[in-house]
Participant: 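Just dropping this structure here.
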Amino acid sequence: MNEQYVLGIDHGSGGCKVTCLKSDGTISSEAYVPYPSFYPHPKWVEQEPEMWMKAAFEAVSKATEKLGPYGRKNIKALSFTAPHHVAVLLDKDRQVIRPAIMWNDQRSGEQSKQLSELYGKKIFELTYNAPNPTWTLSHLLWLKQHEPEQYGKIDKILFMKDYVRYRFSSQMATDYIEAEGTLLYDIEKQEWSDFLLSLIDLDESAFPPVLSPTEVCGTISPDIAKLLGLSEKTRIIIGTADTAAEVYGCGTIKAGDGVVKLATAGNFCLVTDTVTKNEKLTTYHHLVDNLFYQNSATNFAAASFRWFKESFFQEFEESMKVPSIYPEIMKQVELIKPGSEGLIFHPYLNGERSPHWDPYLRGSFFGCTARHSRSHFARAVLEGVGFSLKDCSLQFPNKHLKKIRIIGGGSKGREWVQIIADILNVELEVPASSDASFGAALVAATGIGWFADLKEAAQSTESVIYSLTPKEKNIGGYEELFSIYQELHSRTYELSHRLSQFSF
């Protein structure tokens with residue numbers, strides 16, 4: 001029998017990752033192609049949708065190269081995923097009107113404040129989420145107020161993964177988890193909300209129909225099939241948002257499961273069968289029926305480490321002939337005692353999400369002395385991200401878990417995983433596969449009937465590489481340092497806001 005395959009195509013914040021999954025549930029190959037973000041003004045983060053397409057074509061080609069022409073014809077389905085909240089505006093000719101505003105863009109602080117003050121209670125009642133600069137509703141209100149000419153050209157709105165899938169299949173649709181990420185969708189009625197749409201003077205016709213993540217949405221377009229060497233019978237599966245795919249793909253598929261994500265952004269997530277009503281959390285349906293996942297998220301997690309590397313180790317990276325400077329930095333970090341000798345880092349490099357939801361917060365190092373070296377600062381960055389994740393975890397009342405999964409690029413470093421385990425005082429399991437492209441591949445496989453349902457698919461492919469338990473000797477010290485971290489935030493809150501308004 002000929003081997004069959006599906007592809008999971010994930011467009012993340014920094015690039016496109018493709019996972020090729022065989023019909024026995026094992027990974028055949030993977031590929032990654034980066035693309036840039038643009039920062040035209042303070043607090044702005046944008047991307048060009050055409051770059052997503054170029055990256056997708058290149059990543060699919062790389063991931064399927066070893067299959068050969070015959071093997072590529074046995075790719076049976078593609079599924080897609082990408083971050084929530086990223087709207088692509090199309091005119092009547094289906095051309096992109098402007099660059100896409102990304103989920104970590106913070107420009108819409110004033111619009112979020114307006115929405116909260118005027119309609120906050122009603123919005124939370126309909127969506128189980130509160131307005132802030134992350135949501136599509138806030139982005140669209142900013143565009144309506146600041147770019148009315150561009151806004152007036154809107155005929156259709158798709159979301160990041162749905163736009164890519166539209167280009168692959170020529171069919172417009174989204175899934176209910178993606179729709180919930182707009183703050184325009186009634187989470188209980190599972191429909192676009194006329195009231196919420198009225199706040200931005202749009203109606204339901206501007207938005208795509210809402211389907212299930214595993215539904216088939218046509219087949220690949222002939223032109224794309226020819227370009228990539230795929231069969232024109234390759235089915236296109238709806239897919240879902242990246243965090244939903246990650247939470248599902250790493251095996252957290254029952255109420256009470258928890259997961260920490262240590263990627264560009266970070267989050268603490270809990271799978272539940274009932275919703276904790278907390279405006280500081282974000283709430284979505286889980287891919288598995290009758291479950292939700294609730295997030296408390298920090299803006300700059302692994303992104304803080306990348307910023308530190310690029311700002312303080314750039315000359316070393318350029319001079320050293322190594323594939324990556326990160327292992328060299330980690331060797332230095334391991335020489336520094338836990339607590340970084342009292343040096344504290346707040347990772348508010350582009351404002352902050354949970355639990356503060358404040359675009360005006362500023363990052364800081366506090367407590368440095370003449371004893372502190374660059375290595376101390378590097379460890380303080382890793383610990384500061386851990387403290388931010390602990391801040392996130394406290395939004396879940398009476399939910400101290402003994403064991404949770406950790407995913408994301410940061411989870412590939414044992415020292416950082418140990419730091420997070422010590423700070424959270426919880427055993428952390430590192431799953432073999434956890435990224436969004438793997439989750440998307442499982443969604444594709446389920447959509448074409450390889451598995452009876454999504455739960456079976458996740459259980460059939462679940463495995464853990466290793467786990468780390470907290471070191472008893474570090475727990476107390478990190479608890480004390482975290483209390484200082486919290487008090488430092490409260491005492492510098494006003495100063496952050498003043499600095500955000502400061503200019504010569």
Participant: Answer yes or no: does atom CZ of Phe124 have more than 12 heavy-atom neighbours from other residues, nucleotides or ligands under 6.0 Å?
Facilitator: yes
Participant: Taking all non-hydrogen atoms of both residues, which atom of Ile448 and which atom of Ala77 are closest, and how far apart?
Facilitator: CG2-CB, 3.6 Å
Participant: How about CD on Glu65, more than 12 heavy atoms from neighbouring residues, nucleotides or ligands closer than 6.0 Å, or not?
Facilitator: no
Participant: Hey, would you say the Phe396 and Phe268 ring centroids sit under 6.0 Å apart?
Facilitator: yes
Participant: Quick one: pull up NE2 in His489 and CD1 in Ile484 and give me the separation to the nearest 0.5 Å.
Facilitator: 16.0 Å
Participant: Less than 4.5 Å apart, side chain to side chain, heavy atoms only: is that true for Val260 and Ile407?
Facilitator: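 No; the side chains remain at least 4.5 Å from each other.
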Participant: One pair to check against side chain to side chain contact (heavy atoms under 4.5 Å, CB included): Ile27 and Thr19. What are the steps and the verdict?
Facilitator: CA-CA 7 Å; Ile27 294 175; Thr19 293; 4.0 Å; yes
Participant: Under the criterion side-chain hydrogen bond (donor to acceptor under 3.5 Å, both in side chains), which of Glu352, His356, Arg353 is the partner of Thr298?
Facilitator: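 Among Glu352, His356, Arg353, the one that satisfies the side-chain hydrogen bond (donor to acceptor under 3.5 Å, both in side chains) with Thr298 is Glu352.
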Participant: Under the salt bridge (Lys or Arg N to Asp or Glu O under 4.0 Å) criterion, do Glu50 and Arg167 qualify, and how do the steps go?
Facilitator: CA-CA 10 Å; Glu50 196 58 35; Arg167 292 283 298 273; 3.1 Å; yes
Participant: Look at the aromatic rings of His285 and Tyr176 and report parallel, tilted or perpendicular, splitting at 30° and 60°.
Facilitator: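 Judged by the thresholds at 30° and 60°, the geometry between His285 and Tyr176 is perpendicular.
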Participant: Between Ser296 (side chain) and Cys392 (backbone), is there a donor-acceptor pair under 3.5 Å?
Facilitator: yes
Participant: Would you please say whether a donor-acceptor pair under 3.5 Å links the side chains of Asp24 and Thr26?
Facilitator: yes
Participant: About how many Å separate CG of Leu78 and CG of Leu7, when rounded to the nearest 0.5 Å?
Facilitator: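 Spacing of CG (Leu7) from CG (Leu78) equals 5.0 Å.
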Participant: Evaluate the side-chain proximity of Lys309 to Ile325: yes if any heavy-atom separation is below 4.5 Å, no if none is.
Facilitator: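 The answer is yes; the side chains approach within 4.5 Å.
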Participant: How long is the gap from CH2 on Trp416 to CD on Glu334, to the nearest 0.5 Å?
Facilitator: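 It is 14.0 Å, given to the nearest 0.5 Å.
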Participant: Could you give me the CA-CA distance, side-chain angles and deciding distance for Glu178 and Lys161, then say whether salt bridge (Lys or Arg N to Asp or Glu O under 4.0 Å) is met?
Facilitator: CA-CA 9 Å; Glu178 187 80 71; Lys161 69 104 170 44; 3.1 Å; yes
Participant: Take Trp44 and Ile101 through the side chain to side chain contact (heavy atoms under 4.5 Å, CB included) test and state the conclusion after the steps.
Facilitator: CA-CA 8 Å; Trp44 289 32; Ile101 298 175; over 6 Å; no
Participant: Is the ring pair Phe345/Trp307 parallel, tilted or perpendicular, if the boundaries are 30 and 60 degrees?
Facilitator: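 Geometry flag for Trp307 against Phe345: parallel rings.
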Participant: Hey, are the side chains of Pro83 and Met160 touching, using non-hydrogen atoms and a 4.5 Å cut-off?
Facilitator: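 Contact flag for Pro83/Met160 side chains = yes.
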Participant: Taking ring pair (Phe, Tyr, Trp, His ring centres under 6.0 Å) as the cut-off, I'd like each qualifying pair that reaches into residues 321-340, sequence neighbours left out, listed once.
Facilitator: Phe305-Tyr326
Participant: Does Asn129 form a side-chain hydrogen bond (donor to acceptor under 3.5 Å, both in side chains) with Thr282? I'd like the steps, not just the answer.
Facilitator: CA-CA 6 Å; Asn129 292 294; Thr282 57; 5.0 Å; no
Participant: Look at the rings of His376 and His372 and say which category their plane angle falls in: under 30° parallel, 30 to 60° tilted, over 60° perpendicular.
Facilitator: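 Perpendicular, since the angle between the ring planes exceeds 60°.
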Participant: Identify every side-chain donor-acceptor pair in residues 10-18 under 3.5 Å, counting partners at least two apart or on other chains, and give the distances.
Facilitator:
unit_1	atom_1	unit_2	atom_2	d
His11	NE2	Trp52	O	2.8
Ser13	OG	Trp103	NE1	2.8
Lys17	NZ	Asp435	OD2	2.4

Participant: Please report the closest heavy-atom contact between Ile475 and Pro470, naming both atoms and the distance.
Facilitator: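 Between these two residues, the closest heavy atoms are CD1-CB, 4.1 Å.
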Participant: Could you state the interatomic distance from CG (Leu382) to CD1 (Ile419), rounded to the nearest 0.5 Å?
Facilitator: 5.0 Å
Participant: Is the positively charged end of Arg414 above the ring of Tyr466, judged by distance under 6.0 angstrom from the centroid and angle within 45° of the axis?
Facilitator: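 Yes, Arg414 and Tyr466 form such a contact.
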Participant: In Å, rounded to the nearest 0.5 Å, how long is the span from OH of Tyr348 to OG of Ser388?
Facilitator: 6.0 Å
Participant: Under 3.5 Å, is there a donor-acceptor pair linking the side chains of Ser112 and Ser138?
Facilitator: yes
Participant: Consider only side-chain N and O atoms of Glu383 and Ser340, and report whether a donor and an acceptor are under 3.5 Å apart.
Facilitator: yes
Participant: Identify the heavy atoms of Glu180 and Tyr185 that sit nearest to each other, and give their distance.
Facilitator: CG-CD2, 3.8 Å
Participant: Without hydrogens or angle criteria, can the side chains of Thr182 and Thr136 be said to hold a donor-acceptor pair below 3.5 Å?
Facilitator: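 Absent: no donor and acceptor within the cut-off.
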Participant: Between Leu428 and Ala421, what is the shortest heavy-atom contact and its length?
Facilitator: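 Heavy atoms of Leu428 and Ala421 come nearest at CD1-N, 3.5 Å.
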Participant: Please determine if Lys277 forms a cation-pi arrangement with Tyr128, meaning its NZ or CZ atom is less than 6.0 Å from the six-membered ring centre and no more than 45° off the ring axis.
Facilitator: yes
Participant: For Ser375 and Gln332, which I'm curious about, is there any donor-acceptor pair between the side chains at under 3.5 Å?
Facilitator: yes
Participant: Looking only at the side chains, is there a donor atom on one of Gln47 and Ser37 sitting less than 3.5 Å from an acceptor on the other?
Facilitator: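 Yes, a side-chain donor-acceptor pair sits under 3.5 Å.
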Participant: Is any side-chain heavy atom of His286 closer than 4.5 Å to a side-chain heavy atom of Val247?
Facilitator: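 Yes. Closest side-chain heavy atoms under 4.5 Å.
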Participant: Below 4.5 Å, heavy atoms only, C-beta onward: do Glu429 and Ile404 meet side chain to side chain?
Facilitator: no
Participant: Going through the checks in order, is the salt bridge (Lys or Arg N to Asp or Glu O under 4.0 Å) test met by Lys254 and Asp273?
Facilitator: CA-CA 8 Å; Lys254 64 181 185 300; Asp273 51 13; over 6 Å; no
Participant: Under a 4.5 Å cut-off applied to non-hydrogen side-chain atoms, are Val381 and Phe365 in contact?
Facilitator: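 SC-SC contact between Val381 and Phe365 confirmed.
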Participant: Specify the closest pair of heavy atoms between Pro355 and Gln395, including all atoms of both residues, with the distance to one decimal.
Facilitator: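 Heavy atoms only, the tightest pair is CB-NE2, 3.2 Å.
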Participant: Take the angle between the ring planes of His84 and Tyr284 and call it parallel below 30°, perpendicular above 60°, tilted in between.
Facilitator: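 Parallel: the ring planes of His84 and Tyr284 meet at under 30°.
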Participant: To the closest 0.5 Å, what do you measure between OG1 (Thr492) and CD (Glu487)?
Facilitator: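 Here the interatomic distance stands at 10.5 Å.
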Participant: Passes side chain to side chain contact (heavy atoms under 4.5 Å, CB included), Thr272 versus Leu291? Steps please.
Facilitator: CA-CA 6 Å; Thr272 69; Leu291 292 177; over 6 Å; no
Participant: Output, in order, the C-alpha distance, side-chain angles, deciding distance and verdict of salt bridge (Lys or Arg N to Asp or Glu O under 4.0 Å) for Glu415 and Arg379.
Facilitator: CA-CA 10 Å; Glu415 183 65 25; Arg379 186 178 184 99; 3.2 Å; yes
Participant: For the residue pair Lys22 and Tyr5, would you count it as a cation-pi contact if the rule is NZ or CZ under 6.0 angstrom from the ring centre and within 45 degrees of the ring axis?
Facilitator: no
Participant: Can you run down the side chain to side chain donor-acceptor pair (under 3.5 Å) pairs that involve residues 452-465, sequence neighbours left out, and say none if there aren't any?
Facilitator: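 Sorted pair list: Arg405-Glu462.
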Participant: Any chance you could lay out the side chain to side chain contact (heavy atoms under 4.5 Å, CB included) test for Val6 and Trp450, step after step, and finish with the verdict?
Facilitator: CA-CA 10 Å; Val6 295; Trp450 287 4; 3.7 Å; yes
Participant: Are the side chains of Tyr493 and Leu361 in touch, meaning some heavy atoms are under 4.5 Å apart?
Facilitator: yes
Participant: Taking all non-hydrogen atoms of both residues, which atom of Gly109 and which atom of Pro359 are closest, and how far apart?
Facilitator: CA-CG, 4.1 Å
Participant: Return yes if a side-chain donor-acceptor contact under 3.5 Å exists between Asp162 and Thr174, otherwise no.
Facilitator: yes
Participant: Less than 4.5 Å apart, any side-chain heavy atom of Leu140 and any of Ile157?
Facilitator: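 Yes, at least one pair of side-chain atoms sits under 4.5 Å.
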